[in-house]
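When a ligand or atom number is given, it counts from 1 through the structure's own listing order. What you are looking at is a predicted structure, and each value in this text was computed from that prediction instead of being measured.
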Amino acid sequence: MRRQRTTLIAVSTLIAITLTTAAPSPANAAPPEQVTALTAHQADGYTTLAWQPVDGATDYQIERTPVDANGTPTGAPTIVGIWRPNRQINQQAPTFADAGYNPGDTFQWRVRARTGTTEQPYSNPVTATTTAPWGNPDTPGESLRTQWETTHAAQYTSDTDEYAYTAAIDTLSDRVRVVELGRTVQNRPINMLVIGHPAPPATPAAVAATAPVAINCNVHGNEPGDREACLIMARQLAFSTDPRITDLLSHTTVLIVPTINGDGRANNTRGNSTGQDLNRDYSLIRQPETAAYIKMVRDYRPVAGYDGHEFGNSRAGDLPMLPPRHQNVAQPIFDQSQDMIEGHMYAKGAEAGWWACPYGCEGGGNVGLSEETILRNTLGLKNVTNSLLELRSSGGQTRPDEGNTANNRRRKTYSALWTFQQFLDYHRADRADILNSRAESIELQAANTGRLVFRGSRPIPAHPAPHPGDSPPPLDAPPADLILDTPPCAYKLTDAQYNGARTDGPGGVGTTVAQRIAAHGWKVITIGDDHYVPLNQPERGLIPLLLDPKGVEKLTDGERVPPTLTGRRNGPLVVTGFTCADNATINGPVTVRAGAALVTTATTISGPLTATGAAGVLLADSTVNGPVRIANTTDAISIIDATIAGPTDLSANTTGTDAPVLAGTTIRGPLSCTGNNPAPTNLGIANTVHGPRTTQCAAL
Ligand SMILES: [Zn+2]
């Protein structure tokens, strides 16, 4: 869960003490206003400069001079960086990530303080050779380079070069499998690298069991900096023998989608070839590109994600970030995402010298809002801890040397590479918390309690001083007319709404609502000509945004179905049609008839519960004080965060492509699952079973 801020500050202070005491004492040697103890640490594509702070300094200037092997200058000294007090949380140990040079070249650095506009003396110089592009040029695999690397950032990697490069990695590394998720409107492959150690699991379901992480590198075609970082990182993950890398890959699977918007990248446009901004389409999935990504999320079930962009605000930090803010996102996912950003990225940024900050930062404008069409929010509503990543497009006032285009591109790409590597480290260190937050969120969502908001964000407060950004994004509170205080049990769609032709896709055609709901992975129950989408599901916060009449960007006007059974009821209950029990106590056996459906939340059934040939049985946050037997169901089965005091049997259920869910449930008795097609899944949330588990449920 979220770290307390007091802990963060304590950690930062520790770092400060460590850095300060590690530096050689400058006593007596230098005037007090001269920077001392300058160090230069080399990393992938950047150099972390650190120094002893000067009392009363307003800011610092970082100077870089190219030198030859003997340390003799080969070019003019240039001010390449301005360190300001708002750029890192721990100001007692200033650091600056200098990037924007040709990796492998040798430089001399000096740093000086300014008091007001008065320039103080420079520090003594530090000379070092920077880290060459990753990978031994003589080792197969490691020797691969992207078009961007071989042209020294003069050209971005083309689509054909990307395909050749990733195919070569696939061929040369046992750790990597490249899969095609789909095709763009113009028929470009949308590829994903699936990376694990010693090899990636064979199927999406097997990958899902490893709690994978997903990086979406390039949705806006004219924001290519993150994509180049993804391609470099893929090579590192594929071939590095660094124990950190093999450890990371032994504990998860890394999913990298370099280019979801290949048409936009090829044409250097923000949108796809139809002009659609794909980062306004992840909920509606009108476009083949976004549909491919959302099906990937359904099948591979990443638990954490990053979404790469560039930001044209010259006053922002290096790396604006933002969690899923939509108020329908479950609190644990919001908290975990904030922990990743503020708890990890701000702290690590202060060590490495990168300036992470809340999206918006200074004068950010009306950005970072609650549209569920944005991947950041869509993923949050799918219970994925995640963040937006922006790379400040221009050098801005703090990186005055980036009028040089190649240098500007290098800074952006290597700052993205740092972020994605940190993302993997965060997942490795906080995996248990991420999974707990996900499990809690799925159970909270499935319980279907509390208001629904159709648009509106959680506030992002300014990080307490010292802070890395003065201006968080706008409040974006939900307007009263976009709040629904009492949620329905389900939405009912007519057959025309569900299966009818649509014209909201490219070229005036579109997939049906049924196909899009299937892509999201929601359970649907069909009774006669009516199609019910219950809200007691893991994506409860997203369903109304697409199916409620109040939805701002919706698929259709579904009919709200209120609970049909509440309060206390005595005697046997025979369920026909669609029955929704909420906050109910049913004293007696319950039988779900063939073709009927039972949906429950916060309900207690004395039992037994028997369903044979039902259309659907969805229990959440409910208790059955007796045996449960569900057989021959045709549409949907879901049992989440339930307690069953008795033997539980799921058999011969045939629910199409939609696997029965049994998750976070306590069963006081044996659990038997036989002949179900597909086999049940637990969504990564273990059940507690006080009895033997057989066959298909043995691992649940
Ligand atoms: Zn963007």
- Is there a donor-acceptor contact under 3.5 Å linking the side chains of Asp339 and His344? no

- Opening angle between ND1 in His220 and ND1 in His309, taken at the Zn ion (ligand 1), to 10 degrees: 100°

- The reported gap from OH in Tyr306 to OG1 in Thr385 (rounded to nearest 0.5 angstrom) is 11.0 Å

- Query: OG1 of Thr48 to CH2 of Trp354: how many Å apart, nearest 0.5 Å?
  - Reply: 8.0 Å

- Identify, by name, the N, O or S atom of Glu223 lying closest to the Zn ion (ligand 1). OE1

- Item | Single hit among Thr378, Thr373, Asp307 for side-chain contact (heavy atoms from CB on, under 4.5 Å) with Asn279 | Asp307

- N, O or S from Glu310 under 2.8 Å to the Zn ion (ligand 1): no

